[in-house]
Amino acid sequence: MSLQFHSIPVTPFQQNCTLLWCEDSKRAAVVDPGGDLDKICAFVHKRGLRLEKILLTHGHLDHVGGTAALSRQLQLPIEGPHRGDQFWIEQLPMQAQMFNFPPVEVFTPDRWLAQGDIVEVGDQQLEVLHCPGHTPGHVVFFHRPSQLALVGDVLFAGSIGRTDFPQGDHDTLIRSITERLWPLGDGVRFVPGHGPMSSFGQERRTNPFVADKRFG
């Protein structure tokens, strides 16, 4: 497939920042640059990529902490998340202070995303799915040709996202997973916000929170 990806764990939270690039054009996007920008830029340089934009799944610090600095440094537009996470982005300085991160700048995305939107990486297109529950404005990026999803903190291998943050909601998260993600197919592989990759089929069989057996 001409869409390639590589994940780089960043920040003390080991958040999976993912580089996506079009193999044909070498044009790339970085998904959730939470920090450690030197690691991200080193990989871009090593692979000879041309970074064109920043994509964000949601507004939590470990996913977006490096966004403003990287955008300013390389003049990159920011796409995502859904406008429901605007309050999280506005609280970034407080989040950084709370978790002993370096100071973080507030930013305004160039494009807020919504269910059904399309984002482009080089010649490739990814579908946007609005999947609230962990945060109200969380989105997932899905590349249908390669059956790859970047799900942020909605779903993990063997677990699901926390819902005890402001405006989180457990029932909403479960619906996002079962009604928005599962219909994409069991064969879809996903990159979570933390930890190893898995597939929707594997989680439907074994995930204690969202396995099919929980729902009759």
Side-chain angles (χ1 to χ4, degrees), residues 3 5 7 13 15-18 20 29-34 54-64 67 78-89 109 111-121 125-144 146-212 214-215:
L3 183 76
F5 70 96
S7 295
F13 290 14
Q15 188 272 128
N16 288 325
C17 169
T18 301
L20 296 175
V30 58
V31 183
D32 290 355
I54 296 168
L55 302 176
L56 302 177
T57 62
H58 65 294
H60 282 166
L61 172 67
D62 55 324
H63 290 256
V64 305
T67 299
I78 302 163
E79 299 185 17
H82 181 282
R83 193 179 291 273
D85 271 15
Q86 182 173 358
F87 79 103
W88 276 115
I89 294 171
R111 179 189 179 196
W112 295 104
L113 297 175
Q115 173 70 19
D117 282 347
I118 299 293
V119 297
E120 295 182 349
V121 178
Q125 294 187 333
L126 293 95
E127 301 166 37
V128 175
L129 296 95
H130 181 212
C131 293
H134 177 65
T135 68
H138 200 302
V139 297
V140 164
F141 300 106
F142 177 53
H143 187 246
R144 194 172 291 272
S146 58
Q147 294 287 284
L148 176 73
L150 287 85
V151 303
D153 286 355
V154 170
L155 179 69
F156 303 109
S159 189
I160 59 174
R162 290 176 58 176
T163 56
D164 56 342
F165 295 118
Q167 296 190 37
D169 184 80
H170 179 81
D171 291 343
T172 299
L173 181 63
I174 298 299
R175 284 196 300 273
S176 289
I177 295 168
T178 58
E179 296 177 10
R180 290 262 161 94
L181 300 187
W182 288 173
L184 299 178
D186 288 357
V188 173
R189 299 173 302 149
F190 68 91
V191 179
H194 306 264
M197 291 183 66
S198 182
S199 71
F200 290 165
Q202 174 70 14
E203 299 313 303
R204 290 184 73 167
R205 289 188 296 272
T206 64
N207 190 305
F209 298 94
V210 286
D212 289 351
R214 282 188 57 89
F215 304 100

Sub-6.0 Å ring centroid separation between W88 and H60: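 W88 vs H60: aromatic centres under 6.0 Å.
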
Mind checking whether [X] and [Y] have side chains closer than 4.5 Å, heavy atoms only?
| X | Y | answer |
| --- | --- | --- |
| V30 | L55 | no |
| L129 | Q115 | yes |
| V151 | C131 | no |
| I160 | I177 | yes |
| P132 | H138 | no |
| F87 | P166 | yes |
| W112 | P81 | yes |
| V140 | V128 | no |

D186 bridged to R204 by N-O distance under 4.0 Å: yes

Derivation and outcome, side-chain contact (heavy atoms from CB on, under 4.5 Å), residues T57 and T135: CA-CA 10 Å; T57 62; T135 68; over 6 Å; no

Interatomic distance, [X] atom [atom1] to [Y] atom [atom2] [nearest 0.5 angstrom]:
| X | Y | atom1 | atom2 | result |
| --- | --- | --- | --- | --- |
| N16 | F5 | CG | CZ | 10.5 Å |
| F190 | L150 | CZ | CG | 11.0 Å |
| L155 | T178 | CG | OG1 | 11.0 Å |
| E179 | T172 | CD | OG1 | 10.0 Å |
| S7 | M197 | OG | CE | 7.5 Å |
| S176 | H134 | OG | NE2 | 12.0 Å |

If only atom types and distance count, is the side chain of [X] paired as donor or acceptor with the main-chain N or O of [Y] below 3.5 Å?
| X | Y | value |
| --- | --- | --- |
| D85 | H82 | no |
| E120 | Q125 | no |
| E203 | F200 | no |
| R180 | H130 | yes |
| R214 | F209 | yes |
| D62 | Q15 | no |

Which heavy atom in [X] sits nearest to a heavy atom in [Y], and how many Å separate them?
| X | Y | answer |
| --- | --- | --- |
| P33 | C17 | CA-SG, 3.9 Å |
| P192 | F156 | CB-CD2, 3.7 Å |
| I89 | P109 | CD1-CG, 4.2 Å |

Derivation and outcome, side-chain contact (heavy atoms from CB on, under 4.5 Å), residues F141 and L113: CA-CA 11 Å; F141 300 106; L113 297 175; 3.6 Å; yes

Worked verdict on L20 versus L126 for side-chain contact (heavy atoms from CB on, under 4.5 Å): CA-CA 11 Å; L20 296 175; L126 293 95; 3.9 Å; yes

Residues D153, H58; criterion side-chain contact (heavy atoms from CB on, under 4.5 Å); working and verdict: CA-CA 8 Å; D153 286 355; H58 65 294; 3.5 Å; yes

